Amino acid sequence: MKYQAPRGTQDLLPEDAPRWRYVEQMFRQTCADFGYEEVRTPVFESTDLFVRAVGEHTDIVSKEMYSVSAHGSEADERRERLTLRPEGTAPALRAYLQHNLGAKSPLTRLFYVAPNFRHERPQSGRLRQHHQTGIEALGSEDPALDAEVITLGLTYLRRVGITGARLEVNSVGCPECRPVYRERLRAALESRIGTMCENCRRRYDTNPLRILDCKAEDWSVLEAVVPDLADCLCEPCAQHFAHVQAVLQVLDVPYERNPRLVRGLDYYVRTSFEIVHPQLGAQSTVLGGGRYDGLMEELGGPPTPGIGFGCGIERVLLACEALEVAFPLEAVRPVFVVTLGEAARLPGLRLLNDLRQAGIAAQADYLGRSMKAQMRAANRVGARTVLLLGENELAAGAIAVKDMETGAQESCPLSDVVGRMRGRKDEG
RNA sequence: GCGGGUGUAGCUCAGUGGUAGAGCGCCAGGUUGUGGCCCUGGAGGCCGGGGGUUCAAUUCCCCUCAUUCGCCCCA
């Protein structure tokens with residue numbers, strides 16, 4: 001085969017698309033119910049935007065970005081470097097700042113549905129082009145807003161039909177208290193460096209917080225040694241986290257505090273959360289997010305707190321598959337025009353077009369096949385009604401109307417048939 | 001970047017050192033102008049690519065490519 005979809009990408013065929021539409025529709029509906037409005041941003045942005053927002057030393061920026069450069073004219077080469085969007089928050093905030101949405105309203109609620117690109121090794125639940133639904137709530141640091149964002153995510157997943165998901169929350173502190181914790185963690189682990197995996201030894205120097213997230217370490221032993229981040233939070237962060245949990249409890253949202261939940265993007269502060277599903281394999285996070293109160297300033301805007309999440313559509317669908325979720329898929333039941341003989345061909349096309357112009361789903365066979373084959377085709381596309389046009393019907397100025405469920409057939413004047421089909425459509 | 005699995009018909013997969021099969025799908029017939037179910041027939045495959053061993057390789061060996069699962073990281 002000469003051409004195939006690039007590694008880590010996939011085609012969505014007609015048989016797949018309805019499930020995607022359904023899941024996206026559930027997300028849009030949930031967002032609408034919570035007062036979130038859609039934003040659509042370009043699929044690529046200035047490379048610098050992502051470097052700034054996500055962090056120069058994160059995996060995403062250091063080795064996973066698809067950067068593109070227009071080649072050709074000198075003018076193009078002078079332009080800034082561009083990168084295919086690796087995550088959704090930075091573009092949303094960029095648009096918020098560029099269009100000064102904060103001036104229109106002190107609290108802005110946005111949602112998006114968009115493809116993301118990361119140059120990683122593909123595996124189950126991880127693609128080079130994947131799709132995320134996500135939201136961003138900008139302009140308030142009210143802990144209740146954290147709870148709202150989390151609740152929206154849970155509501156969406158529940159509506160899609162996902163059961164058995166687990167909500168984990170944590171607080172990763174702020175630029176005030178996190179360095180304090182970082183040093184306490186280093187001190188606690190110092191004597192254990194020798195027993196840690198190669199990656200963690202490196203992390204000990206570069207980013208010790210990520211050691212908490214390592215699956216290779218023996219946590220049954222380390223648990224007792226490692227200080228709890230919650231014990232090191234500064235007073236405002238501790239209060240914030242306590243309030244978030246209090247609101248979750250009032251809302252009857254079941255959650256687990258995961259003291260080792262730290263996320264990989266630099267901009268996260270305070271509330272950090274994930275929704276994981278046990279049946280997803282290695283990539284079990286279906287939804288992840290957190291607060292990013294300093295990010296807007298980092299991008300050159302006014303101080304504007306914010307919180308949001310991203311949720312992988314592919315992972316949602318994997319979970320649905322594992323759970324054997326039954327989707328209520330829309331079924332188009334077209335009218336099918338069957339013609340018999342040359343003389344009926346053009347009048348049949350005319351009828352087909354009249355039906356379509358009247359807003360009635362209508363199909364016909366274009367392969368010049370036998371009546372039996374046309375009937376088979378009608379059955380295959382789920383036709384509810386077949387309109388049969390042959391010599392007898394032409395002579396009588398009529399058409400045979402066959403109900404494919406009952407098999408009953410009757411004659412109808414050709415001039416009445418569109419109106420009659422429209423009547424059936426309105427019935428339901 | 002590193003490990004393991006798998007590459008045979010459109011799809012899901014059997015199979016053998018002597019150049020290939022099933023189920024489903026597709027097409028057609030069983031009805032001079034009638035679908036589904038059933039029966040019958042048919043089309044469709046350089047057995048991923050290259051090299052080696054052999055009288056002979058889809059089968060054994062090596063390489064390569066693709067794919068998949070995992071590590072890292074993330075949705």
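Lettering of chains follows the sequences in order, A, B, ..., and the numbering in each one begins at 1. Note that the structure is predicted; figures quoted are calculated from it, not measured.
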So, with a heavy-atom separation below 4.0 Å from RNA chain B, the residues of residues 367-378 of chain A are A:R369, A:M371, A:K372, A:A373, A:M375, A:R376
A:F336 atom CZ is separated from B:G36 atom P, nearest whole Å, by 14 Å
inquiry  = Heavy atoms only, 4.0 Å cut-off, all strands: where does A:E87 land among base, sugar-phosphate and nothing?
reply    = nothing
Note: for A:G312 and A:R121 on RNA chain B, the residue whose nearest nucleotide lies more 5' is A:R121
Separation of B:U67 atom P from A:Y3 atom OH, nearest Å, is 16 Å
Exercise for review: With C1' as the reference atom in both, quote the distance from B:G21 to B:G30 in angstrom, rounded to an integer.
Suggested key: 27 Å
ring-ring contact (aromatic ring centres under 6.0 Å, His included) filter on A:H99, not counting sequence neighbours, yields none
Subject >> Side chain proximity check, A:P208 to A:L189, heavy atoms < 4.5 angstrom >> reply: no
| Rounding to the closest angstrom, what is the interatomic distance between B:G45 and B:G10 at atom C1'? | 11 Å
A:Q129 CD to B:A75 C1', in whole Å, measures 13 Å
Whole-Å distance, A:M404 CE to B:C37 P, equals 12 Å
Between CD of A:E136 and P of B:A75 the distance, given in whole Å, is 11 Å
Any salt bridge between A:R210 and A:D59, counting N to O under 4.0 Å?
no
Residues of residues 287-294 of chain A with a heavy atom under 4.0 Å from any atom of RNA chain B, listed by number, are A:L287, A:G288
Separation of B:U34 atom C1' from A:E405 atom CD, nearest Å, is 16 Å
Ranking B:A75, B:C27, B:C71 by distance to the side chain of A:R380, first place goes to B:C27
Is any side-chain N or O of A:Q123 closer than 4.0 Å to OP1 or OP2 of B:G70?
yes
Hydrogens and angles aside, do A:Q25 and A:R21 bring a side-chain donor and acceptor to less than 3.5 Å of each other? no
Distance between the C1' atoms of B:C27 and B:U67, in whole angstroms? 31 Å
Q) So what does A:G125 touch, heavy atoms closer than 4.0 Å: a base, only the sugar-phosphate, or nothing? A) base
From CG of A:L340 across to P of B:G33 the rounded distance in Å is 6 Å
Record whether the side chain of A:N379 comes under 3.5 Å of the base of B:G35 through a donor-acceptor pair of N or O atoms.
yes
Between A:E274 and A:T285, do the side chains contain an N or O donor and an N or O acceptor separated by less than 3.5 Å? yes
Value for CD (A:E321) from CG (A:L280), rounded to nearest 0.5 Å, stands at 10.5 Å
Each base of RNA chain B marked ( ) or [ ] if paired in-strand (Watson-Crick or G-U under 3.5 Å), | if paired to another strand and . if unpaired gives (((((((..((((....[..)))).(((((.......))))).....(((((..]....))))))))))))....
From CH2 of A:W20 across to C1' of B:A75 the rounded distance in Å is 11 Å
B:U54 versus B:G70 - spacing of their C1' atoms, nearest Å: 38 Å
Which of B:A75, B:U34, B:C69 is nearest the side chain of A:S124? It is B:C69
What distance, rounded to whole Å, do you find between the two P atoms, one in B:A57 and one in B:A66? 27 Å
N/O donor to acceptor pairs below 3.5 angstrom from side-chain atoms of residues 141-148 of chain A, sequence neighbours left out:
| residue | atom | partner | partner atom | Å |
| --- | --- | --- | --- | --- |
| A:D142 | OD1 | A:A144 | N | 2.8 |
| A:D146 | OD1 | A:R291 | NE | 3.2 |
| A:D146 | OD1 | A:R291 | NH2 | 2.5 |
| A:D146 | OD2 | A:H240 | NE2 | 3.1 |
| A:D146 | OD2 | A:T271 | OG1 | 2.6 |
| A:D146 | OD2 | A:R291 | NE | 3.0 |
| A:E148 | OE1 | A:R109 | NH2 | 3.2 |
| A:E148 | OE2 | A:Y36 | OH | 2.6 |
| A:E148 | OE2 | A:R109 | NE | 2.7 |
| A:E148 | OE2 | A:R109 | NH2 | 3.3 |

Euclidean distance for P, B:U16 against B:U58 (whole angstrom): 16 Å
- Donor-acceptor pair, side chain of A:Q374 and main chain of A:T339, under 3.5 angstrom: yes
If you look at every strand shown and take non-hydrogen atoms under 4.0 Å, does A:L127 touch a base, only sugar-phosphate, or nothing? base
ask   = Going by atom types alone, do A:E136 and A:Y292 pair a side-chain donor with an acceptor below 3.5 Å?
value = yes
* Please answer whether the main-chain N or O of A:R186 pairs with a side-chain N or O of A:Y204 as donor and acceptor at a distance below 3.5 Å. => yes
| query | How far does the P atom of B:C55 sit from the matching atom of B:G15, given to the nearest Å? | reply | 28 Å
Closest to the side chain of A:Q4, out of B:U67, B:C71, B:G36, is B:U67
**Request:** Look only at the side chain of A:Q132 and the backbone of A:A114, and say whether a donor-acceptor pair between them is shorter than 3.5 Å.
**Result:** no
* Any sub-3.5 Å donor-acceptor pair from A:D293's side-chain atoms to A:G306's backbone N or O? -> yes
| field | B:A56 versus B:G51 - spacing of their P atoms, nearest Å | value | 15 Å
Side-chain contact check for A:L388: nearest option of B:U67, B:U34, B:C71 is B:U34
Quick note, salt bridge (charged side-chain N to carboxylate O under 4.0 Å, His left out) partners involving residues 338-352 of chain A, not counting sequence neighbours, are A:R350-A:D354
Between the base of B:G33 and the side chain of A:E393, is there any donor-acceptor pair under 3.5 Å?
yes
#### Entry: Any side-chain donor near an acceptor of the partner, A:R94 and A:S46, under 3.5 Å
no
